[in-house]
Amino acid sequence: MCKYKITELKPQPEPASHSFSSQERTCKFDSGSEVVLVYCKVIRMAGTGVYADIIEGDVFKYYSDGEWKKSSSGKSVSIVNPTTRKTQFKVQACTQEEVNKAMETAKKVQKQWAKTPLWKRAELLHKAAAILKEHKAAIADCLVKEIAKPAKDSVTEVVRSGDLVSYCAEEGVRLLGEGKFLVSDSFPGNERTKYCLTSKIPLGVILAIPPFNYPVNLAVSKIGPALIAGNSLVLKPPTQGAVACLHMVHCFHMAGFPKGLISCITGKGSEIGDFLTMHPGVNCISFTGGDTGIAISKKAGMVPLQMELGGKDACIVLEDADLDLVASNVIKGGFSYSGQRCTAIKVILVMQSVADTLVEKVNAKVAKLTVGPPEDNSDITPVVSESSANFIEGLVKDAKEKGATFCQEYKREGNLIWPLLLDNVKPDMRIAWEEPFGPVLPVIRINSAEEGIHHCNASNFGLQGCVFTRDINKAMLISDAMESGTIQINSAPARGPDHFPFQGLKDSGIGSQGITNSINMMTKIKTTVINLPSPSYTMG
Ligand code: NAP
């Protein structure tokens, strides 16, 4: 048998501006010969093409006053690629003066923006959404390199973000185009002498702080509602994910929003975070992340807060559940993006009588998960940082010392941790309560649904949860009993679709997200009362 490999099809790389992803296909002929074809796809890289303005030298600029700028600090922050563990990108370490300037401009520009007709605001958002989708490749490439998100999922995140922005525009024109009309004589002691008109007005300057795991999607989930409602916005992107955010912001720049309406201030949260969140120019904070949000809430003062924080989403499995359905949802819910999702399943609470079968089914699927770099679309990719990997390892070691059953061997190379199911986890183990944010999933065996509910409700978190059963009556009772913002029946927890209300109870958050809720949250009610000299129904 003769075998040819046609490598000439590989174009010569242009190092600075493009990267290539290649795929091999084997064609077999009747004669028994084989030809291996190499398909190549050119990927536009960070800071090139339409994005060329946002970088100078090897440091990405920050965005303020409608311009891309270098910080006067002369300092930069390095972004380490979780896969190579080498510096991939650098961003400006912005100063307090630069924050002041961005806030000042945001305040001024917002006044004009609030007077811009709603349909025009919507038109610009639709334009930004289209540009975002058109230029998705470079943004997705940043996500691969900054946060090791599998390549396909990175593209999905950008496209989903474009759709979210468009939906905000559409929802906004309807929601904000309506108000209320009240008459005074419905309240005891009043005649119909007052007509009350209500409308929604913007809050002013929104400070938006998203986390590393969905830096683009969780940034636009704040930007879209803020802008359609007539606010201006200052974005502080997560360090890992900052370059993806800068590219995304450039799409809004290209759409032609007024100068200074959006700015993007880069720097470490630990260095400029307090200055931003306690800044007197801020009228609302929309934050998504971990416990940092709790600290921000305590310091923020008299501004509305939207806090979407951590979770320990429980998955309760009853005896009558479809165990194949549960197993596939456990894989999707527990291991997608290597468990680094706020709504990942973070503890399985399964009835003892079906636990062996479920664990066996899940193990069979875990064995099929691919582990490797995000560029290869591996199911499990390196976690975001060495400190995250060390934290996860600490939870695993603690479970080992306290006698958990390891369904797979614990394996780690750098930031890459192989998927691991821990069976027979007991409440004295840290993994029973803490959020690993990695591909490690504990199983707690229970003897009643009440025991599962009790464990779920004993957690400080209350983001989402799920219950698997064929009995809808039981599912409803359990859903009502679980103290979590959302309960999914017969499916893994999930944040989307993005227009669904999404909220955490207890330490998982304040307020509710989802497009409609975010628009409402970023506005306040204004009323105008028309006072009549005599009751309106006395004439005629
Ligand atoms: P994180 O460490 O809390 O960081 C979130 C954001 O806060 C980042 O932009 C970070 O910037 C910034 N920050 C850090 N210190 C700050 C300070 N003192 N003041 C203001 N901002 C500050 O969270 P993460 O590790 O990025 O994300 C993982 C966590 O987010 C998990 O707990 C996950 O459950 C949660 N999460 C929740 C949701 C939800 O909707 N409920 C969604 C996704 C993720 P730097 O990167 O520069 O430090």
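The first residue of the sequence shown is numbered 1, and numbering continues consecutively from there. Being a predicted model, the structure only gives us computed values, none of them experimental.
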Charged tip of Arg341 within 45° of Tyr214 ring normal and under 6.0 Å: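 Relative to the ring axis of Tyr214, which defines the angle, Arg341 lies outside at least one limit.
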
Is it the case that Lys145 places NZ or CZ above or below the six-membered ring of Phe89, under 6.0 angstrom from the centre and within 45 degrees of the axis?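 Geometry flag: not set, cation outside 6.0 Å or 45°.
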
Are [X] and [Y] linked by a side-chain donor-acceptor pair shorter than 3.5 Å?
X	Y	value
Ser512	Gln503	yes
Thr343	Asp313	no
Asn231	Gln110	no

Any ion pair linking [Y] and [X] (charged N to carboxylate O, less than 4.0 Å)?
X	Y	value
Asp356	Arg445	yes
Glu435	Lys346	yes
Glu401	Lys397	no
Lys133	Asp163	yes

Can a donor-acceptor pair be found, under 3.5 Å and without considering hydrogens, that links the side chain of [X] to the backbone of [Y]?
X	Y	answer
Lys149	Asn213	yes
Asn81	Glu146	no
Asn377	Ala151	yes
Thr381	Pro150	no
Arg495	Pro497	no
Gln240	Val80	yes
Asn415	Pro82	yes
Ser508	Leu463	yes
Asn424	Thr405	no

If you look at every heavy atom in [X] and [Y], which pair is closest and at what distance?
X	Y	answer
Ala229	Thr523	CB-CG2, 3.6 Å
Ile331	Val362	CD1-O, 4.0 Å
Val443	Val350	CG1-CG1, 3.7 Å
Gln513	Lys222	OE1-NZ, 3.7 Å
Leu227	Phe257	CD1-CE2, 3.8 Å
Ala122	Ala169	O-CB, 3.7 Å

Would you find more than 12 non-hydrogen atoms of other residues, nucleotides or ligands less than 6.0 Å from Lys152 atom NZ?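 Count not over threshold, so no.
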
Considering residues, nucleotides and ligands other than Glu360, do more than 12 of their heavy atoms fall under 6.0 Å from its CD?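 No, the 6.0 Å shell around CD holds no more than 12 heavy atoms from other groups.
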
In residues 447-456, what donor-acceptor pairs under 3.5 Å come from side-chain atoms, sequence neighbours left out?
{"from": "Ser448", "atom 1": "OG", "to": "Glu451", "atom 2": "N", "distance (Å)": "3.1"}
{"from": "Glu451", "atom 1": "OE1", "to": "Asn447", "atom 2": "N", "distance (Å)": "2.8"}
{"from": "His455", "atom 1": "NE2", "to": "Ala432", "atom 2": "O", "distance (Å)": "3.1"}

Side-chain donor/acceptor pairs under 3.5 Å, residues 291-305, sequence neighbours excluded:
{"from": "Ser297", "atom 1": "OG", "to": "Gly293", "atom 2": "O", "distance (Å)": "2.7"}
{"from": "Lys299", "atom 1": "NZ", "to": "Asp274", "atom 2": "OD1", "distance (Å)": "2.9"}
{"from": "Lys299", "atom 1": "NZ", "to": "Asp274", "atom 2": "OD2", "distance (Å)": "3.3"}

